[in-house]
There are 2 protein chains.
Amino acid sequence: MKEDAKTKLALNSYTKLMRGAESVTVRVGRKMSDAGLTISQFGVLEALLHKGPMCQRDVASKILKSTGNITLVIDNLEKQGLVRRERSLEDRRFCTVLLTEKGRALIEATFAEVEAAIAAEMGVLTDEEQETLGRICKKLGLREG
Amino acid sequence: MKEDAKTKLALNSYTKLMRGAESVTVRVGRKMSDAGLTISQFGVLEALLHKGPMCQRDVASKILKSTGNITLVIDNLEKQGLVRRERSLEDRRFCTVLLTEKGRALIEATFAEVEAAIAAEMGVLTDEEQETLGRICKKLGLREG
DNA sequence: AAAAAATAGTTTGACATTTAATCACTTCAG
DNA sequence: CTGAAGTGATTAAATGTCAAACTATTTTTT
């Protein structure tokens, strides 16, 4: 294959990848905003639900965002009474972030809806296509840089 | 297949799709920020380069952003002298957005780099994988809602 | 022609995001 | 023990993002 055609193929599949991912993100994200949560807020609550309380640094790495960002996201969640900060006593640099009851109820309900939405989105693909997509995307994500 | 396993498969391929897309976006985006452009700014300049001058509404739909957003992005590009607005004389509601010479030079150089980066990213996949990925992602992007 | 509807763009307000600077606290070396 | 270096969190500044309200202009209705 000529270099030119190779580049064309790459650009083409890149564009479809981005459009497809964006498309799914928007539609799934709607479930989160219906619950009054942004994507980041959802990510934080979901991490706390499934991994338990953790410090902000861990939250940040879990949802792939900067720690500066997390401070603000957690500020906003705290204002809504969905999470609570606890300054660690052993090492006072750390904050442990915990779900409140209200936060737990909200994320449990919302997570179920989001999960259903994801299943519906991916459901337009056959099982085999989903497996293939997963395998190919994993290759794309592996590289460091 | 049980419903539960189906959901699991969907969540799994969804996660890999998002991680893969994010990963590629970050690495390709680095080429843009090296040129002092944000992803949105790059998108606007690229549209103008390849489609010619157009009004803001068309720019917005081209890069899938809101018109309120485009106003700001173009404001910032204009400040940097990369684009120019011209209020249409036939219908004064429209602004035509044009590349300046400086803008054209910058986007031509940057586009070449980005194109190369995309080719490199997608190059970890075989040609067949790229075709398959494109086909599957297209299915994901088609639905409305 | 006047009123109503539609359209392009702008503004505003709330949140997100990154990078870099800074603060608070802990650890470690001398 | 004390000063330096390291680490978690916060803050600040710049940009982006959307939705919703608003302005200006044009088109459509009546």
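Per chain, numbering begins at 1; letters A, B, ... match sequence-line order. Quick note: numbers below take in every heavy atom, side chains included, and nothing from hydrogens, waters or symmetry partners.
In this structure, OG1 on Thr25(B) lies 7.5 Å from CG on Leu17(A), to the nearest 0.5 angstrom.
With Gln80(B) contributing its side chain and Leu77(B) its backbone, the two residues share no donor-acceptor pair below 3.5 Å.
Shown here for Ala119(A) and Ala10(B), the closest heavy-atom pair between the two residues is CA-CB, 3.8 Å. In plain terms, the two heavy atoms of Met32(A) and Thr110(A) that are nearest each other are CA-CG2, 4.5 Å. Contact detail for Asp91(A) and Arg93(A): the closest heavy-atom pair is OD2-NH2, 2.7 Å.
By the 4.0 Å N-to-carboxylate-O rule, Glu78(A) lies close enough to Arg85(A) to be salt-bridged with it. Taking 4.0 Å as the cut-off between side-chain N and carboxylate O, Glu129(A) and Lys139(B) count as a salt-bridged pair. Under 4.0 Å is where a charged nitrogen must lie from a carboxylate oxygen, and between Glu121(B) and Arg27(B) at least one such pair does.
Residues meeting the salt bridge (charged side-chain N to carboxylate O under 4.0 Å, His left out) test with Lys6(A), sequence neighbours left out: Asp127(B).
At a cut-off of 3.5 Å, with distance as the only test, a side-chain donor of Lys16(B) or Asn12(B) sits close to an acceptor on the other residue.
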Tabulated below should be each protein N or O lying under 3.5 Å from an N or O of nucleotides 21-24 of chain D; please produce it.
none

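Here the rule is side chain to side chain contact (heavy atoms under 4.5 Å, CB included) with Val83(A), and of Thr100(A), Leu48(A), Leu98(A) only Leu48(A) fits it.
Taking atom CG on Asp91(A) and atom P on dG8(D), their separation rounds to 9 Å, with Å as the unit.
Judged as a ring pair (Phe, Tyr, Trp, His ring centres under 6.0 Å), the pairs with a partner in residues 76-135 of chain B (not counting sequence neighbours) are, in order, His50(B)-Phe111(B).
Listed by residue number, the members of residues 102-113 of chain A with any heavy atom below 4.0 angstrom from DNA chain D form an empty set. Within residues 41-59 of chain A, the residues approached by DNA chain C to less than 4.0 Å at the level of any non-hydrogen atom are Gln41(A), in residue-number order. For DNA chain C, the residues of residues 65-86 of chain B within the heavy-atom distance limit of 4.0 Å (strictly under) are Thr67(B), Gly68(B), Thr71(B), Arg85(B), sorted by number.
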